[in-house]
Every structure is written in C-alpha cells, then in structure tokens.
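Report on one structure; see the data block that follows.
Position 1 is the first residue of the sequence; numbering continues from there.
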Amino acid sequence: MRTKLIASGVAATALITLVGCSSSDDDATTTPDATSTAAAEESTPAPAAAEWPTEITLALIPNENVTDLVTSVTPLTDYLSEELGIKVEGVVTKDYQATVEALGSGQAQIAITDAGSMAAAEDMYGAHAVLQDVRFGASQYASEFFTNNPDKYCDDEPVLATYGATGQEMLYCNGVASGEDNTGVGPVGVDALSKIEPGTKVAFGNTTSPAGYQLPVLALEDLGINVDDLSQVPVTGNDTLIMAVYNDDAEVGFAYWDARSAIDAAEVPDLGDKVVVFGLSEMYPNGGVVLSDELPQDLRDEITTLMDNYSEVDPDTLMNIFSQTDWTPADPAAIDLARKVNARFSGQ
C-alpha cells in the first residue's frame, strides 16, 4: 500500500522487517556446515523497495498572475500524475528561496527553481538537482551589460544583430554579436565596465538575481570597482531594468541575455537602438528541477525521466509556462558554480 507525504516534513518510510535468530548457548557453539550456510543465504529475502507516496507536490515561483500559473501548469502535473499513478499537485511559492523551504519542510517534493536554490536545497536538505532548463539549445546564460550611452562604453560602432529566439534586430558592440553570430556566450566586453565612474547611475536587480546583480557585481569587483561608490538604482524585474536605462533613469543596467526581447517591440519600437548591449558576464547555469530526498530513489528516477521527456509530449506548455525548449540532466559542475555564487552573496 502506498503512503502519503504530509506537510509536516516527516517522510513516509517503508517498513522493512529485520529478521533475527536467537539460539541457545549450545547452538552458539555449533559450527554450521557449508550446505546449511548456503541454504540460509539463499533464503534471506531481498530488502523491500521503499513505498511510493500517494500524493506529491510540485512547487514553482510566481509570475504576474499566480492563478494562471497554477492553472497553466496543470498539463504537466496531470501528465506526471497519469504516468506515475500518484496525484501530483502544483503550488506557487512567493520566491525562489521559498521553493527551498518547501522542500525542506516536506510541503513540496519537486521544485522548479533557479540554480542557486537548487544548490541550496542540496546543501541544506540533501535534495537532488536532477535537471536543468534548456532555452534554445543552452543550459546556461550570461548577464548582459547595457547602456544608453554607447559612445562611452563601446570601443567600436554598434552593429545590428538578430536575437534568434524572437527574430528581433538589436544593437550590440564590443564583439558581443555580429550579423552572423549572436549566441550570448560570455565573457566578452567585460573590461568596458571599468568605464563606469563613481556616482554613475546603475540599475541593479534584486540582490538574489544572478543576472541582475550577482554576476555584474563579481565582474565589477574583479575590475576593482566598489559598487557602493555607484549610484545604485534598485529595480525588480528584467523588463524594468531595461526600461530604467531606456528612460534615462540609469546609464548602465544588467539583466539576462537578451532581456530586451521581453519588451513589446510594438510599444517601444526604438528600444533595440537606444539600449545597446556592450558586454556579457561569465556564464551561469539555468535553473531546473530539484527533488526531495524524501522520495524513494526509484521514484526520483522515474520523475526525472518523465520530465526530461516532457518536451516531446507537450512542447507548448514547456515554452509558454517556463519559456524553455527542454530539460537536460543537471551538470554538477554548473550547480557547483551556483553554490560558489551563493557563498559569496550569503547574508546580503
């Protein structure tokens, strides 16, 4: 019979009977022959497999409309429920950190979250990072550096290049892209950050954002620039980071590559001309799927396989809800990079 994982965080465990033998003192002194020993070994039952729960929960982070997210992810949870033979429900957490705590408390057994949270879940709760997001063939990304003052930050004339995910043509400089090559692979143009002077208005994302804050700060520090000497413009959301530079609220900003595509070109037709990308950071792993250690190994394996195959089952849901084209097995080295970034920014 299958058991249910409850929200208190107490894992369901299989009842494995340990069979022991008691004997008299006389029996203890008797040496068994080889035949009786072999027979005893053959009769020893194999350990029972851990039982599966009857219900598990998949945690995601919110978007602008939480209700829509829960509803829209239903094709994925229904797919998992049908294939696993157990009920899978989707819930929305307030942020990435909350997905980690949901795993740790037993309120969720699957989380779709960022790479830093995947590493934290492994370290804090013994969870298992199993898959990474793939977006247009890439399982990692760079932070892009952009400006409304290309004369200052570009060492060459900005060039138009096509962003393959959307087909938009936008301006890049310092070798970030060309007409034939626009892959978003960094690092490139990082030295141009040294042109940021003390007091410059710079748009940063939330301190937990790799692309909007952490990777740029590391790049700036490597160049000997103290971010406390800058006029920081705190912004939440990659689209608003772009618009802060477009609207001249900041001279430089940081977001994922290429966040300009998140802005409706019909509403801001000159965005790709006015906001120029002049550099890319070191690469950082995409987020992905992390599984609770509460789940039996064979169930974790089955969930991993099913989600890895989901791009062939329902590519539209994968793209519309997660803005990705696939999942791929998690790269421990990539997750370890996220772990190191966590260590640098812990407590901020």
Side-chain angles (χ1 to χ4, degrees), residues 61 94-98 100 113-117 119-120 123-124 140-155 172-174 176 184 186-260 262-263 274-285 287 336-348:
I61 61 166
K94 65 179 182 178
D95 54 29
Y96 287 125
Q97 180 57 33
V100 178
T113 188
D114 70 314
S117 297
D123 295 343
M124 296 171 63
Q140 53 186 344
Y141 65 95
S143 168
E144 66 177 18
F145 319 145
F146 48 90
T147 184
N148 52 30
N149 189 359
D151 290 343
K152 178 178 178 180
Y153 295 96
C154 294
D155 293 331
Y172 303 82
C173 69
N174 296 337
V176 171
V188 60
V190 177
D191 288 345
L193 292 175
S194 62
K195 298 177 182 180
I196 299 177
E197 301 164 338
T200 300
K201 290 184 178 181
V202 178
F204 286 103
N206 188 284
T207 57
T208 61
S209 169
Y213 187 83
Q214 295 173 343
L215 296 174
V217 167
L218 290 174
L220 289 164
E221 289 178 344
D222 284 345
L223 293 169
I225 299 173
N226 187 338
V227 296
D228 292 334
D229 294 335
L230 307 177
S231 178
Q232 298 186 37
V233 179
V235 179
T236 300
N238 289 280
D239 53 347
T240 48
L241 282 162
I242 297 290
M243 293 307 297
V245 173
Y246 177 84
N247 291 324
D248 298 323
D249 295 324
E251 183 176 279
V252 172
F254 307 103
Y256 67 83
W257 175 84
D258 192 320
R260 292 176 294 178
I263 310 298
K274 183 175 178 180
V275 178
V276 180
V277 172
F278 67 89
L280 298 171
S281 73
E282 295 280 353
M283 302 300 286
Y284 187 82
D336 193 50
L337 172 60
R339 180 174 288 107
K340 291 176 181 177
V341 173
N342 283 353
R344 163 62 182 82
F345 292 99
S346 61
Q348 289 209 27

Rounded to the nearest 0.5 Å, what separates atom OG1 in T207 from atom OH in Y213?
6.5 Å
Are L337 and E282 side-chain neighbours, meaning at least one heavy-atom pair lies under 4.5 Å?
no
Closest approach of P285 and A115, non-hydrogen atoms and distance?
O-CB, 3.5 Å
Going by the side-chain hydrogen bond (donor to acceptor under 3.5 Å, both in side chains) test, which pairs reach into residues 140-149, not counting sequence neighbours?
N148-D248
Indicate yes or no: at least one non-hydrogen side-chain atom of T208 is less than 4.5 angstrom from one of F345.
no
Give a yes or no on whether the backbone of A203 and the side-chain of D249 come within a donor-acceptor separation of less than 3.5 Å.
no
What pair of heavy atoms forms the shortest contact from A142 to L280, and how long is it?
CB-CB, 4.1 Å
Partner residues of N247 under the side-chain hydrogen bond (donor to acceptor under 3.5 Å, both in side chains) criterion, sequence neighbours left out:
none
Is the shortest heavy-atom distance from the side chain of C154 to the side chain of V276 under 4.5 Å?
yes
Approximate separation, where rounding is to 0.5 Å, of Q214 CD and N206 CG:
9.0 Å
Can you confirm whether L193 sits close enough to F278 that some side-chain heavy atom of one is under 4.5 Å from a side-chain heavy atom of the other?
yes
The reported gap from OG in S281 to CH2 in W257 (rounded to nearest 0.5 angstrom) is 12.5 Å
According to the ring pair (Phe, Tyr, Trp, His ring centres under 6.0 Å) rule, which pairs have a member within residues 215-255, sequence neighbours left out?
F145-F254, F204-F254
Could you tell me which non-hydrogen atom of A119 sits nearest to which non-hydrogen atom of N342, and how far apart they are?
CB-ND2, 4.0 Å
Restricting to side-chain hydrogen bond (donor to acceptor under 3.5 Å, both in side chains), what partner residues turn up for D114, sequence neighbours left out?
S117
Grab the two heavy atoms, one from A192 and one from N174, that are nearest each other, plus how far apart they are.
CB-ND2, 3.7 Å
What one should report as the nearest heavy-atom pair of I242 and V275 is O-CG2, 4.3 Å
Measure across V100 and M124 and return the closest heavy-atom pair with its distance rounded to 0.1 Å.
CG1-SD, 4.2 Å
Would you list the pairs meeting salt bridge (charged side-chain N to carboxylate O under 4.0 Å, His left out) in which at least one residue belongs to residues 189-201, sequence neighbours left out?
K152-E197, D155-K195
Spell out, as yes or no, whether a donor-acceptor pair under 3.5 Å connects the side chain of D336 to the backbone of R339.
no
Inter-residue atom distance D258.CG - R260.CZ, 0.5 Å rounding:
4.0 Å
Applying salt bridge (charged side-chain N to carboxylate O under 4.0 Å, His left out) as the test, list every pair that has at least one member in residues 214-230; sequence neighbours left out.
E221-R344
pair L220-L230: side-chain heavy atoms closer than 4.5 Å
yes
